[in-house]
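Okay, structure first, notes after.
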Amino acid sequence: MQSPAINQAMDILKLIRQVTEGQDDVPVKLAKIIRIIAEQMKADAAACYVAVDDSYLELFASYGFNGDVTHKVTLRYGEGLVGEVAKNNRSLSATDAWAHPKFSYKPELGEEEYKSFLGVPLTRWSRSIGVLTLQNKEVHEYSRLETDILETIAMVLSEVLVSEEMTEYKKTLIKERGIATRERIKGLSLSKGYGIGNAVVHRRRQSVTKIFAEDKEKELQRLETAHRQMNEDLDKKFTSTKLGIGEHVDILDAYRMFAKDKGWYKKIEDNVKSGLTAEAAVERAYEDMWNRLSGTNDSYLKERLHDLRDVADRLQSYLSGDFKNRDEVKNWKDIVVVAQTMGPADLMDYDYHKIRGLIIEDGTPTMHVAIVAKALSIPVIAKIKGIFEEIKTGELIAVDGNDSYVYINPLPAVQEKFKAKIAEKEKLQARLAELKKLPAKTLDGVRIGLYINVGLAFDFDYIEATNCDGIGLYRTEIPFMASDVMPNVEQQMAYYKELMDRAGNKKVIFRSLDVGSDKLLPYWSNMSEENPAIGWRSIRITLDRRAILRKQVRAFLRAAEGKELNVMFPMISDLSEFEEAKETLLIELEKEKRRGGAVPSKVNVGLMIEVPSVVFQLEDILKQADFISIGTNDLAQFTFACDRGNPRLTERYDVLSSPFLKLMGEIVAKADAAGVYCSVCGEMASNPIEAMALIGLGYRNLSSSGASYGRVKSMIRSVNVEEVSDYVKSLLKSQKRTLRPQLMAYAYDHGIEIY
C-alpha cells in the first residue's frame with residue numbers, strides 16, 4: 001500500500017509533467033509549475049529560487065506575490081529563510097515567518113500578508129541549486145506529510161533546473177546582462193602539470209523522470225540486479241591488473257564496504273515497497289541520510305557522506321544502463337574528465353593512460369580521487385562552480401595545473417603553448433628517469449638522504465623505480481582503514497613484512513597508528529568531536545587503548561626479524577607521551593626475546609615533530625630519541641591555527657614564511673647539536689622550491705612522495721648548499737607574508753631546477 005504522501009505527490013507530478021512536455025518556453029513553464037504546486041498544496045503563495053552564482057539565489061518564478069518580481073529579487077546564501085534553506089541544504093518550516101530570527105523582509109516581493117513558511121532545497125549532487133517555497137496567510141504548522149510531498153516534488157523540479165533547456169535559458173540571461181562567457185577560468189590546483197584533450201563529462205546522471213512505480217516487484221528485481229552487477233564489477237576492478245597489482249585496493253576497500261552495506265540497501269528496498277521506482281528510491285535514501293548527517297561536525301561522517309553519494313550515483317548508472325555508454329570515449333586518444341564530484345573507484349572506469357586532466361567542481365586536496373590522480377601524474381583543478389554544467393562532452397579542454405587555469409575550446413595559439421609545455425614535461429620525465437642511477441648529491445658535493453613516503457600498495461613500486469635511499473614514512477593506518485575489523489597481529493605483520501622485503505637493506509621508518517581527525521576507523525564508534533584535528537587522535541588514542549599499540553609494536557618486531565627496525569610515534573605533545581610509547585615498545589621487545597621469538601638486529605625509536613609544544617622540550621626529547629622526523633603538514637596547521645582542509649585558507653598561510661622557516665631552522669639546529677638523525681617527511685619535502693629552502697636551513701634528509709621524487713632529486717643536483725644556505729638565512733629577517741617569490745627568483749637566477 002502506497003503512503004498518502006506518495007499518492008498526493010503522484011497527482012501533482014502528473015500535472016507538472018504535462019507542463020514540462022509542452023511547447024512553452026522556460027519562464028512560462030516555471031510559472032505554470034509553481035501555480036500548480038501552490039493550488040494543489042492549498043498554499044496562498046509559492047516561489048522557486050535558483051542559484052545563479054557562487055553566493056546568490058534569484059527568484060525565477062512565483063505565485064501569489066507581486067506580479068513583476070521575477071528576476072528582481074535576490075538573496076545571499078544564508079540570508080533570510082530562503083537563504084538558510086540553501087545554505088544548509090535542509091528543509092525549514094515556520095508557523096510565523098516574521099517571528100523567525102532568520103527572516104529577511106523583501107518589500108518588492110509583497111509578502112506582508114503572509115505568515116507561515118515552508119522551504120525545501122532543490123539539490124543536485126548533494127549541493128543546493130535552488131529553493132522551493134510555500135507560504136500561507138494564516139499561521140499554519142506544516143506537517144511532516146506536507147514536507148514529504150514538497151520534498152518529493154523538489155526531486156523532479158531539481159532535474160528541470162539542470163536540464164539543457166534551463167541551462168541555455170540561464171546562459172541567455174547572462175548574455176542579456178552583458179556578462180561575458182568564460183573561456184579561461186581560475187580554479188584551485190590539486191595536482192600540477194599540463195594537459196589537453198576532449199572533455200568527458202563524468203557520468204552525467206540520468207534524470208529521475210519516473211518517480212512512482214507501476215510494478216513494485218519488477219522495481220525490486222531491477223534494484224537487486226543492478227546492485228549485484230555493480231558489486232561484481234567492483235570486485236573485478238579490485239583484482240584487475242589494469243593499474244598495477246594491488247593498486248588503489250586500500251582506498252577502494254572502504255568504498256566497496258559502502259557498496260555492500262546491508263542497512264543502506266534495505267532503506268532503498270523499503271522506499272521501493274512504499275511506491276517509488278528504484279531510481280527514486282536510491283535518491284530518497286541518500287537524501288534521508290544527508291538530512292540526518294550533513295549538520296554534523298564529525299569530519300569522518302562528512303567524508304562518508306561523500307562516499308555514499310558516489311556509491312548511490314554508481315548504482316543509479318547501473319539502473320539506467322549508463323555505465324555501458326562509453327563507446328565514443330574508447331576511440332579518443334586524449335581525454336579530460338570533468339566531474340562535479342567523483343569517487344576513487346570512478347577513475348578506474350577510464351583508461352588512465354588517456355586522461356590528460358581532471359576537473360572536479362567540488363574538490364579538496366584531501367579527497368581520495370585527487371590523491372589517486374596526483375599519484376598518476378594527472379593534473380587536477382577544482383573549485384570552479386558551475387563548470388560541470390557548462391562543459392559538454394567532446395569540447396576541447398586545456399588544463400593548466402601549475403597556474404590553476406582551465407581553458408574551454410582554447411584558441412590555436414593557446415593549444416600550441418600547451419603542446420610545447422607538455423613536450424617540455426616529457427623531456428623532463430626522460431631526464432628524471434636518468435637520475436635514477438645518479439646520487440642525490442649537490443653541486444658542492446653534499447650528500448642528501450632522499451627517501452619516499454608510502455602507504456598504498458602501489459607506492460611500493462617507487463622503491464625500485466626511484467632507487468631511493470629508503471622509506472622515510474610508512475603510513476600504517478591505511479590497512480586499518482581498509483579493513484572491516486581491526487587487523488590482528490598476523491595480518492599487520494604480513495603488511496609490514498611485504499614492505500621490508502621490497503625495501504631490502506634500505507632504511508624503513510614505520511609510523512605507528514595515526515588515526516582520528518579525518519582518518520577514523522569504520523569499526524570504532526562514539527568518536528564524534530567538535531575539533532577532531534586537535535582532539536582524541538593518533539598517539540592519544542593508542543596510549544589510551546594500549547592493547548592496540550602493543551599488538552602493532554609486536555607486528556613491527558616480528559616483521560623486522562634480523563633487520564634494523566625504526567619506529568616513530570606521531571602527534572607527540574610532550575615528553576611523557578614519548579616516554580610511555582617508547583616504554584611500551586621496549587617491553588614488547590623484551591617479551592619477544594623471552595619467548596624465543598626472532599627479533600630485529602637493532603631497534604631505533606623516534607617521534608614526529610608535529611605539535612609546536614614539543615619544540616620547547618626538544619633538548620630533553622633528543623636525549624631519549626634515536627631520531628626525529630618533522631611532519632610539516634600538521635606542524636604548519638597548528639603553528640598558523642589554520643585548518644589545512646579548509647579551501648578558504650588554502651593560500652592564506654605559507655610554509656615559506658619567515659616564522660615557519662625560523663621554527664624549522666631551530667628544530668634541525670637542535671637535532672644536529674645533539675647528534676640525532678633528523679628528516680622531513682611532510683609535504684614540504686615533496687615540493688622542490690620548499691625542499692630547497694629546507695636544505696638551506698640545514699636539513700640533509702628528506703622524504704617525498706614517490707611521484708615528486710625525481711623533481712626533488714633534480715633540484716638537489718643543481719643547487720649549491722653553501723650559497724643557498726646564506727641566502728635563506730638572509731631572508732629570515734623579512735616581515736613579508738611569504739618568501740616564495742624571492743626563493744623562486746633565486747632558483748631561476750642560479751639555474752636551480754624546480755620544475
Side-chain angles (χ1 to χ4, degrees), residues 191 193 238-252 347-348 352-353 371-378 425-441 447-476 478-479 482 492-511 556 559-566 600-601 629 679-681 683 685-688 691 700-717 753 755:
S191 176
F238 275 51
T239 55
S240 170
T241 56
K242 177 181 176 183
L243 299 178
I245 297 173
E247 197 159 290
H248 301 289
V249 168
D250 294 318
I251 284 180
L252 292 170
L347 203 63
M348 297 180 70
Y352 84 93
H353 292 98
I371 293 171
V372 172
K374 187 174 183 179
L376 298 173
S377 299
I378 297 171
K425 181 183 176 182
E426 290 173 350
K427 289 180 181 178
L428 174 62
Q429 295 291 58
R431 287 181 57 203
L432 295 181
E434 296 174 1
L435 291 176
K436 177 180 177 180
K437 304 173 184 177
L438 303 174
K441 187 178 289 187
R447 182 71 164 84
I448 305 295
L450 192 52
Y451 304 83
I452 61 171
N453 303 330
V454 302
L456 305 174
F458 72 84
D459 285 331
F460 294 178
D461 293 340
Y462 283 118
I463 298 172
E464 293 85 14
T466 61
N467 193 27
C468 60
D469 291 317
I471 309 303
L473 167 65
Y474 177 46
R475 300 181 176 94
T476 62
I478 299 296
Q492 292 184 55
M493 186 178 70
Y495 301 143
Y496 309 149
K497 192 173 187 308
E498 179 185 0
L499 175 58
M500 294 292 283
D501 291 343
R502 291 285 294 270
N505 294 322
K506 295 180 178 182
K507 179 191 287 286
V508 175
I509 298 178
F510 292 97
R511 180 176 70 186
F556 287 151
E561 175 186 348
K563 295 185 177 182
E564 181 178 293
L565 173 65
N566 301 284
S601 58
S629 187
S679 68
V680 176
C681 61
E683 192 67 28
S686 295
N687 186 309
R700 299 295 178 262
N701 296 287
L702 305 174
S703 188
S704 75
S705 67
S708 301
Y709 183 92
R711 294 166 56 235
V712 175
K713 192 172 188 179
S714 181
M715 178 277 297
I716 290 171
R717 291 185 56 80
E753 298 178 356
Y755 304 105

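Hydrogens, waters and symmetry mates are skipped; everything else that's a heavy atom, side chains included, is used.
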Please check if the side chain of Lys436 supplies one atom and the backbone of Glu464 the other of a donor-acceptor pair under 3.5 Å.
-> yes
What is the distance from atom CG of Leu435 to atom CZ of Arg711, rounded to the nearest 0.5 Å?
-> 12.5 Å
Distance in Å, Ile463 CD1 paired with Lys506 NZ, rounded so as to fall on 0.5 Å steps | 7.5 Å
Could you tell me which residues satisfy side-chain contact (heavy atoms from CB on, under 4.5 Å) with Glu683, sequence neighbours excluded, listed by chain and number?
-> Lys374, Asn633, Ser686
Can any side-chain N or O of Asp469 pair as donor or acceptor with the backbone N or O of Tyr451 at less than 3.5 Å?
-> no
Drop me the distance from Tyr474's OH to Ser703's OG, to the nearest 0.5 angstrom.
-> 14.0 Å
About how many Å separate OG of Ser601 and CG of Leu565, when rounded to the nearest 0.5 Å?
-> 9.0 Å
Got a sec: does the NZ of Lys497 have more than 12 other heavy atoms crowding it under 6.0 Å?
-> no
Residues two or more places apart in sequence or in another chain: which of them pass side-chain contact (heavy atoms from CB on, under 4.5 Å) with Cys468?
-> Ile452, Thr466, Tyr709
Could you tell me the separation between the CZ atom of Arg511 and the OG atom of Ser629, rounded to the nearest 0.5 Å?
-> 9.5 Å
What heavy-atom pair brings Gly472 and Ile509 nearest, and what distance separates the two atoms?
-> O-CB, 3.6 Å
Side chain to side chain contact (heavy atoms under 4.5 Å, CB included) with Phe510: of Leu473, Ile471, Thr476, Asn566, only one passes, and it is Thr476
Taking all heavy atoms of Asn453 and all of Ser705, pick out the closest pair and write down the distance.
-> ND2-N, 4.1 Å
All heavy atoms of Ala691 vs all of Met715, minimum pair found to be CB-CE, 3.6 Å
Backbone of Lys437 reached by a side-chain donor or acceptor of Asn467 within 3.5 Å = no
Give a yes or no on whether the backbone of Ile378 and the side-chain of Ser191 come within a donor-acceptor separation of less than 3.5 Å.
-> yes
Rounded to the nearest 0.5 Å, how far apart are NZ of Lys713 and CD of Glu753?
-> 13.0 Å
Is the backbone of Arg700 close enough, under 3.5 Å, to the side chain of Arg447 for a donor and an acceptor to pair up by distance?
-> no
